[in-house]
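Notes follow the structure.
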Amino acid sequence: MFTSAEECVVSLLQRAFSLRDLGQAHAIFTKSNVEACLPSLFSKLLSLSALSLWGSLAYARSLFESSSRLLESTAAHNVMLRAYSASIFPTETVLLYNSMCRRCVGLDNLSFPFVLKALGRAVAVVGDGPAITFAVKGAEVHCRAFLLGFDCDVFVQNALIYMYSRCGRVDYARSVFDGMPVKDAVSWNTMFVAYDRLGESVSANQLLNKMPEKNVSLWNSVITRHVRLGDVSAARRVFEEMPVRDAVSWNSMIAGYIRVKKYSTALRLFKKMVAAKIDPTRLTIVSVLGACSEIGAFNMGLKIHEFLKKNMIEIEGFVGNALIDMYAKCGNLKLARQVFDTMGLRHVTCWNSMIVALAVHGHSEEALELFSYLERCNVQPNRITFLGVLLACSHKGLLEEGKALFHRMVHVYSIKPDIKHYGCMMDILTRRGLLDEAHQMILDMPVMPNSVLWKTLLGACKVHENVELAETAFREISKLETPDDGDLVLMSNIYAEAGRWEDVEHLRNGMIGRSLSKQPGYAQIELLS
DNA sequence: ATAGGGTTAG
């Protein structure tokens, strides 16, 4: 009985190409309790789920947490560290690392590179977090690696270079680099990119000239360097001339075209990539879907979605986010919502894409419902989330809801409102005719008001016939910038309606002095190359 | 095993 179950699992795992296969293997494990006897097979199951293109990090996590045996295994932890470090939740790697330290699960030479990579990536992915926080944590990890004697490992050293450079400490990165008795291609490339990203071309070029071997990765870095300097043709020349191209080469070139807004060219290159039988990676998918969103290429987006289904590529994390955003930007809220409802590992940006899209399209109630669902799911909203719900309130004139949400943002989530949040509140208040309250808000807010806020108030003063406040608003606009013709016309109409003709005259004269000439509006249509 | 590719949402 046991042998047949074992054989069955081995053969299932060998030929696994979808989550369904893993599910079957897992079911056999659970039924026959093979897990206790075959930890290596269970680890194999975990790593297939966590790391393959068709795998699912969410599923891997549930596997990992369901097995007490795995909770002691360094190898299993390394699989999770690795998967998290490349995911949309890099800080999960750090949390798992902390818990390993706490529970005395052994760290080995493989653990450190993943934790360091995650810290380097977290700076970009978490965004708002100051790099220095991650650099400090990175230094702590560095210390532990030193104490355990792993700081002599080239993989660990390379990861240290990466971590320090991404956390804004190229100086530390360089001292690790200089202290390495043996450097490999990765060391040189990582250090080169560190300088190049900072625009320190002298140091970057020095490394380029000194490095002993030039591999594919370096060519890829050079492609990106040209793109960063704004020369996508030079990047393309390198791409065409390089001896060997891998998936990253294609991704770099596609990303390059997207960076210079040549979306159609990017999509054409993607088609070439598929034709050249280079398997797209998750990153290819994310980039290409982003290009579709930009130009509203709905059919291309649909095709990519089909491709994902056909290849059993799990829709979660970055891929799910990109797919939702593509559908939302193409105006298909129904499909966006469908992806949202079925995907695993939703990052707050997924919620934001969905909430903002609903708000923009006037589905205010749905947007607000989704927000309360977010709170029930214990997801931390951020400033964009609140921009979305406030926009939803302003569209439907939901005064009480808007005020309550604004209060919640400040006092429950400790998010400092910025000028755009105040702009939404201005809309909400002025549409209800609460001009004095709106005025008071501008006076009280801790950020410097811009002319847009005053112009909103001025417009509301016209509707609600408040000459006095209009004069104040107009004066404030004049302090910030030269009032444009729209402001002048608005103000003079307000005077006219109040019968203050001498003030109208006064303004008119001022306008003639500036040669009132309403610039004809024109739309620029960019021809797609 | 590590780099190189993306950094979202208004």
Side-chain angles (χ1 to χ4, degrees), chain A residues 47 51 75 78-79 81-82 85-86 88 90 108-118 120-128 153-163 165-166 183-194 196-197 215-225 227 235 245-256 258-259 280-291 293 317-326 328-329 347-357 359-360 381-391 418-421 423-424:
Chain A
S47 71
L51 304 173
N78 287 345
V79 169
L81 289 175
R82 181 181 174 191
S85 75
I88 200 166
D108 65 12
N109 54 328
L110 275 78
S111 318
F112 285 99
F114 301 133
V115 179
L116 294 166
K117 174 186 175 171
R121 282 188 77 246
V123 173
V125 174
V126 176
D128 298 331
D153 185 298
V154 177
F155 282 81
V156 175
Q157 291 166 329
N158 288 343
L160 283 168
I161 298 173
Y162 178 83
M163 182 275 294
S165 74
R166 295 291 175 126
K183 303 174 182 61
D184 65 9
V186 177
S187 329
W188 287 95
N189 198 20
T190 311
M191 200 63 234
F192 166 74
V193 172
D196 186 45
R197 286 168 68 98
N215 58 354
V216 182
S217 302
L218 183 71
W219 289 81
N220 293 342
S221 305
V222 172
I223 289 179
T224 304
R225 172 182 224 197
V227 173
R245 284 183 283 272
D246 63 10
V248 177
S249 322
W250 289 86
N251 288 352
S252 309
M253 203 58 234
I254 291 171
I258 291 174
R259 219 172 151 122
T281 66
R282 281 210 157 93
L283 205 131
T284 321
I285 306 289
V286 171
S287 300
V288 172
L289 282 172
S293 310
F318 281 113
V319 171
N321 197 9
L323 201 57
I324 289 171
D325 201 47
M326 182 276 295
K329 293 264 173 66
H347 193 256
V348 65
T349 54
C350 292
W351 295 86
N352 291 352
S353 290
M354 205 60 233
I355 289 172
V356 168
V360 165
N382 62 17
R383 36 181 291 274
I384 307 290
T385 322
F386 279 100
L387 217 46
V389 285
L390 291 177
L391 188 68
D418 63 29
I419 198 89
K420 291 189 174 171
H421 297 104
C424 283

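Sequence lines set the chain letters: A, B, ... in the order given, protein chains first and strands last, and positions in each chain run from 1. Every value quoted in this text rests on a predicted model; they were computed, and no experiment measured them.
Across all strands, A:Thr281 comes closer than 4.0 Å to base atoms (heavy-atom distances). Within 4.0 Å of A:Thr349, counting heavy atoms only, lies at least one base atom of the nucleic acid. The residue A:Lys420 sits close to a base: some heavy atom pair falls under 4.0 Å. Using a 4.0 Å heavy-atom distance criterion, A:Arg197 is classed as a base contact. If you check every strand for non-hydrogen atoms under 4.0 Å, A:Arg121 touches a base. Within 4.0 Å of A:Ala255, counting heavy atoms only, lie sugar-phosphate atoms of the nucleic acid but no base atom. Within 4.0 Å of A:Asn78, counting heavy atoms only, lies no atom of the nucleic acid at all. Among the protein residues, A:Phe318 comes within range of the nucleic acid bases, having at least one heavy atom under 4.0 Å from a base atom. Backbone-only engagement by A:Val356 is indicated by non-hydrogen atom pairs under 4.0 Å involving sugar-phosphate atoms exclusively.
The side chain of A:Arg166 places an N or O atom within less than 4.0 Å of a non-bridging phosphate oxygen (OP1 or OP2) of B:dG4. Remark: A:Lys329 is in phosphate contact with B:dA9, judged by side-chain N or O atoms under 4.0 Å from OP1 or OP2. Under 4.0 angstrom from either OP1 or OP2 of B:dG6 there lies no side-chain N or O belonging to A:Arg282.
Judged by distance alone, the side chain of A:Arg121 and the main-chain N or O of A:Ser85 form a donor-acceptor pair under 3.5 Å.
Per the geometry, CG belonging to A:Asn321 stands 8 Å off P belonging to B:dA9, to the nearest Å. Taking atom CD1 of residue A:Ile161 and atom P of nucleotide B:dG4, one finds them 11 Å apart after rounding to whole Å. Between the NZ atom of A:Lys117 and the C1' atom of B:dA1 there is a distance of 10 Å, rounded to whole Å. One interatomic measurement links the two molecules: NZ of A:Lys183 to P of B:dA3, which rounds to 19 Å at whole-angstrom precision. A straight line from CG of A:Leu323 to P of B:dG6 spans 20 Å, rounded to a whole angstrom. In this structure, the CZ atom of A:Arg259 is 8 Å from the P atom of B:dT7, given to the nearest Å. Atom-to-atom, CZ of A:Arg245 to P of B:dG5 comes out at 18 Å; the value is rounded to the nearest Å. What separates CG of A:Leu81 from P of B:dT2 is a distance of 12 Å, to the nearest Å.
Judged as a side chain to side chain donor-acceptor pair (under 3.5 Å), and not counting sequence neighbours, A:Lys420 has no contacts. By the side chain to side chain donor-acceptor pair (under 3.5 Å) test, A:Asp418 is found to be paired with A:Arg383, A:His421, residues two or more places apart in sequence or in another chain being considered.
Both thresholds, 5.5 Å between centres and 30° between ring planes, are not jointly met by A:Tyr162 relative to the base of B:dA3, so the two rings are not stacked.
Side-chain proximity of A:Phe155 to the nucleotides B:dG6, B:dA1, B:dT8 is greatest for B:dA1. Distances were taken from every side-chain heavy atom of A:Asn109 (C-beta onward) to each of B:dG5, B:dA3, B:dA1; the shortest belongs to B:dA1. Among B:dG4, B:dG5, B:dA1, the nucleotide with an atom closest to any side-chain atom of A:Ser221 is B:dG4. When each of B:dG5, B:dA9, B:dT8 is scored by its nearest atom to the side-chain atoms of A:Ile384, the top-ranked nucleotide is B:dA9. Which of B:dA1, B:dA9, B:dG4 sits closest to the side chain of A:Leu110 comes down to B:dA1. Of the candidates B:dG10, B:dA9, B:dG4, B:dA9 carries the atom nearest the A:Asp325 side chain, counting heavy atoms from C-beta on.
Residue A:Ser217 places a side-chain atom within donor-acceptor reach of the base of B:dG4, judged by atom type and a 3.5 Å distance cut-off alone. A donor-acceptor contact under 3.5 Å is not formed by the side chain of A:Ser353 with the base of B:dA9. The base of B:dG6 has none of its N or O atoms less than 3.5 Å from a complementary donor or acceptor on the side chain of A:Asn251.
Atom OG1 in A:Thr385 sits 6.0 Å away from atom CD1 in A:Ile355 (nearest 0.5 Å).
Neither side chain, A:Thr284 nor A:Ser287, offers a donor N or O lying under 3.5 Å from an acceptor on the other. With no hydrogens or angles considered, a side-chain donor-acceptor pair links A:Thr281 and A:Asn251 at under 3.5 Å. Using a 3.5 Å distance cut-off with no hydrogens or angles, the side chains of A:Thr349 and A:Asn352 do not pair a donor with an acceptor.
The residue among A:Asp418 and A:Leu283 whose nearest nucleotide of DNA chain B is located toward the 5' end is A:Leu283. Comparing A:Asn215 and A:Ala86 against DNA chain B, the residue whose closest nucleotide sits nearer the 5' end is A:Asn215.
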